[in-house]
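These numbers were taken from a predicted model, which means no experiment stands behind them.
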Amino acid sequence: MGVRGLVTAGLALCIVWSGVWSGTLVSAGRQRTTKDGVYTKAQADRVAAIYDKVCANCHDPAKVPADKKPAPPLTGDVFFDNWKDRTLGELMTTIRLTMPNDGSMVLTVEDASDLAALILQMNKFPEGKDALKNDDVGKKTVIVK
Amino acid sequence: MTTDPRIDTYIKKAPAYAQPILTHIRQVVHDACPDVQETLKWRSPTFVHHGILCGMAAFKHSALLGFWKSKVLVDRGFAEVGRLTSVADLPPDAELRRMIKAAMLLNEQGITLARPKRAKKPPVQR
């Protein structure tokens, strides 16, 4: 093999190597976040009645009775102070196992996923094609600002 | 709702005063934790969800509802459930549901109770 052959082989190796490397990065993917359209509008809409009945009385400042201390708002800076960089899995678990705080109702896994979707919608995160689920993908999704 | 027939038998054989208490506890546990598993541990009805959640027992004059991680629950502001002689002695259902859900959360998060360290036995003197 002459010099030209060696150079050609080296170049080919570089091309193959860079292809493999970039392929690895693509397959590893970046972290899925709440900006990636991780819930559907239908999902947020179908849980609105539960939100109004169960959540708004404490979390919506406009609906909290005057004699009652409001719970942390579910939108804006306070929400992000509490939840930024945490996962939707944590949010869904917190909703399911600590809400409503008075124990008046038991929320199902699906209710908790839908309520998390509604919170994302209220915080103007983009809607997507697939509903948010309490599966590995949904649980690992990171809440970003 | 998955039930264990041995719990049915336990409740049936319990003293008359205790039967409605045990039945009520069982109902509320299943309500708060739909996928809970029932079993018998230490001959008493026990509810399992990612580990032991709580158990109940009936004695001659009083019944008992015990949370496996009650110490953590008390630290988190929940009141301990005392001796039960009627359903009225139980906390209100809403409070009971809160306790059960808090216990579920502890188990799902894998929070365990710190075991007290055993003192080393002194060497045997000969």
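- When all heavy atoms of B:Leu105 and A:Thr93 are compared, the pair lying nearest together is CD1-CG2, 3.5 Å.
- Between the CG atom in B:Asp35 and the OG1 atom in A:Thr108 there is a gap of 11.5 Å [rounded to 0.5 Å].
- Under a hydrophobic clustering in which Ile, Leu, Val, Met, Phe, Trp and Tyr are joined whenever their side-chain heavy atoms come within less than 4.5 Å, directly or via other members, B:Leu64 and B:Trp68 fall into different clusters.
- Using a 4.5 Å cut-off between heavy atoms, B:Gln109 does not touch chain A at all.
- In the hydrophobic clustering of ILVMFWY residues, with side-chain heavy atoms under 4.5 Å counting as a link, B:Leu90 and B:Leu22 come out together.
- Counting all heavy atoms, side chain and backbone alike, B:Lys101 lies closest to A:Leu107 at NZ-N, 4.5 Å.
- Side-chain N or O atoms of B:Arg98 include none that pairs as donor or acceptor with a backbone N or O of A:Asp102 at under 3.5 Å.
- Cluster annotation: A:Leu97 is not connected to A:Val106 through the hydrophobic network of ILVMFWY side chains, with a link wherever side-chain heavy atoms come within less than 4.5 Å.
- Counting non-hydrogen atoms of other residues, nucleotides and ligands closer than 6.0 Å to CZ of B:Arg83 gives a total of 12 or fewer.
- Cluster membership check: A:Phe125 does not share its hydrophobic cluster with A:Val78, using side-chain heavy-atom separations under 4.5 Å among Ile, Leu, Val, Met, Phe, Trp and Tyr.
- Nearest heavy atom pair, residue B:Ala94 against residue A:Ser104, reads CB-N, 4.3 Å.
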